[in-house]
Amino acid sequence: MGWKTLDDMELGGRTVLVRVDINVPVEDGRVTDATRIERIVPTITDILAAGGKPVLLAHFGRPKGKVVPDLSLKPLVPALQDALGRSVALIDSLEDAENGLSWDADVLLMENIRFHPGEEANDADLAGRLAALGDIYCNDAFSAAHRAHASTEALARRLPACAGRLMQAELSALEAALSKPERPVGAVVGGAKVSTKIELLENLVNRLDVLVIGGGMANTFLAALGADMGASLKEPDFYGTAKDILAQADKAGCRVILPVDGLVAREFAAGAAHEVIALGPDAKLGSDQMVLDAGPDSIALIEAAFDGLRTLIWNGPMGAFEIAPFDTATVAAARAAARQTRDGTLTSVAGGGDTVAALNQAGAAEDFTYISTAGGAFLEWMEGKDLPGVVALDDR
Ligand code: ADP
Ligand code: MG
């Protein structure tokens, strides 16, 4: 796929409509976590440095196509000014903008784009009205790219379009991990349930050399193979799916690694009494026992599987990492991947809400090549789906 970046555009004197994701948490009219705002700074700074005039388009919450005063972008203006070190002015309505953009600030911010019913409907009229306000479209909201909305999709087709810096970083990392990875390429897929990650697993087994399955979903795979997993989290309705995925992996030549031992406890609590139990198709746990993490032999197997990998994709923790010591396998595997990345032999890309938390907890996040904070869009990419907001940036 080909997409342009800000470097390919003539920005001087041009009005640039920039779709950003600054859907940040706000309490009592104040931004409590400005991470998403900080991440769009490079794009805005580069546009301003090139003499462009940025007009930001953004959503906030779910106003469902109506003006909801509580969901105004107004509280975000001070946080934007702080992050950018530039003046920012809010434009209250599309009508106001259509009466002429008044550049009494360095950066203009259009009011919550989801106040318009046409936004989520990917409406051509709304896209046309927005397009008339600017010369260039820049999408820096990868995390909104899995939705075909007027400001992410239809608008991109009406103006010369490019990716912003954050979108560019995200697309480059995901292409390096999945579209054209250096081989051998492996993945760790963990987390609670198979049911939420079926499409992801099906896509990955057809692209990878090695797949490490961990977390609660490994219990479902082991049970599907015949193990009695006791009180472990598992999904009996998906034993068939698990077996299908293993068959697909086999056919595609993807080696699947399941835990060969587990940390087993009788209660889901920090510091719960636990023991190491061997796992496999013949395993038989007590009816009150549950596997909350992978055991030491599994960790050794995973580290051996990482050895020699050139690319690693990670989604989902290997165990109930929120409660010690059931973070042990996640932390060990994360540190192994971090070490290889630091050594320069591995490209490592991770995403997923709990995954990011787990990698931070392991002190490994800094060393990973790229950590996606895009949530749903990251997962859809991993599932092999086309993201409408990305497809619309494709060179026409
Ligand atoms: P992500 O948000 O990164 O996509 P998931 O939401 O799929 O990850 O999974 C994370 C959750 O899975 C965590 O809350 C973790 O406690 C849980 N989990 C992982 N392994 C187990 C297990 N063996 N038993 C119970 N819960 C588990
Ligand atoms: Mg989660």
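Counting starts at 1 for both ligands and their atoms, following the listed order. Hydrogens, waters and symmetry mates are skipped; everything else that's a heavy atom, side chains included, is used.
Sorted by chain and number, the protein atoms of type N, O or S within less than 2.8 Å of the Mg ion (ligand 2) are D354 OD2.
A side-chain donor-acceptor contact under 3.5 Å links N360 to the backbone of V356. Of the possible donor and acceptor atoms, one in the side chain of K234 sits under 3.5 Å from a partner among the backbone N and O of G230. The backbone N or O of F306 sits less than 3.5 Å from a side-chain atom of Q340, completing a donor-acceptor pair. No side-chain donor-acceptor contact under 3.5 Å links D297 to the backbone of D261. A donor-acceptor pair under 3.5 Å is absent between the side-chain atoms of S87 and the main chain of A105, judged by distance alone. In this structure, the side chain of S232 does not engage the main chain of N219 through any donor-acceptor pair within 3.5 Å.
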Quiz item: Can you check salt bridge (Lys or Arg N to Asp or Glu O under 4.0 Å) on R129 and E95, steps first, answer last?
Solution: CA-CA 10 Å; R129 290 175 69 187; E95 290 73 20; 3.2 Å; yes
Exercise. Test salt bridge (Lys or Arg N to Asp or Glu O under 4.0 Å) on E10 and R14 and set out the steps.
Key: CA-CA 8 Å; E10 189 55 61; R14 306 275 167 83; 5.9 Å; no
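Scanning the protein for heavy atoms near atom 7 (O) of ligand 1, the closest one is K197 NZ, 2.8 Å. Closest to atom 6 (O) of ligand 1, if we only count protein heavy atoms, is D354 OD2, 3.0 Å. When only non-hydrogen protein atoms are considered, atom 18 (N) of ligand 1 lies nearest to G319 O, 3.8 Å. Here the heavy atom of the protein found nearest to atom 16 (O) of ligand 1 is E322 OE1, 2.6 Å.
For ligand 1, the polar-atom distance check finds no N/O of L233 at less than 3.5 Å from any of the ligand's N/O atoms. Residue contacts with ligand 1: D293 is placed with no nitrogen or oxygen under 3.5 Å of a nitrogen or oxygen of the ligand (distance criterion only). Geometrically, ligand 1 and T355 share a nitrogen or oxygen pair separated by less than 3.5 Å.
Between S179 and W381 the shortest side-chain heavy-atom distance falls below 4.5 Å.
Only backbone heavy atoms of V291 (N, CA, C or O) come within less than 4.0 Å of ligand 1; its side chain stays farther off. Contact annotation: for M290 versus ligand 1, there are no heavy atoms closer than 4.0 Å.
The atoms of ligand 1 that sit less than 4.0 Å from any heavy atom of G353 are 2 (O), 3 (O). The contact set between ligand 1 and L292, taken as ligand atoms under 4.0 Å from a residue heavy atom, comprises 23 (N), 24 (N). Of all the atoms in ligand 1, the ones that sit under 4.0 Å from a non-hydrogen atom of P317 are 8 (O), 9 (O), 10 (C).
Between H146 and F378, the distance from one ring center to the other does not fall under 6.0 angstrom.
Here atom 21 (C) of ligand 1 lies nearest to G216 when heavy atoms of A192, G216, G262 are compared.
A salt bridge does not link R19 with D140: every distance from a Lys NZ or Arg NE/NH1/NH2 to an Asp or Glu carboxylate oxygen is 4.0 Å or more. Salt-bridge formation is detected for the pair K385/E199: a Lys NZ or Arg NE/NH1/NH2 atom is positioned less than 4.0 Å from an Asp or Glu carboxylate oxygen.
The closest approach between a heavy atom of K193 and any atom of ligand 1 is not below 4.0 Å.
Listed by chain and residue number, L225 satisfy the side-chain contact (heavy atoms from CB on, under 4.5 Å) test with P281 (two or more places apart in sequence, or in another chain).
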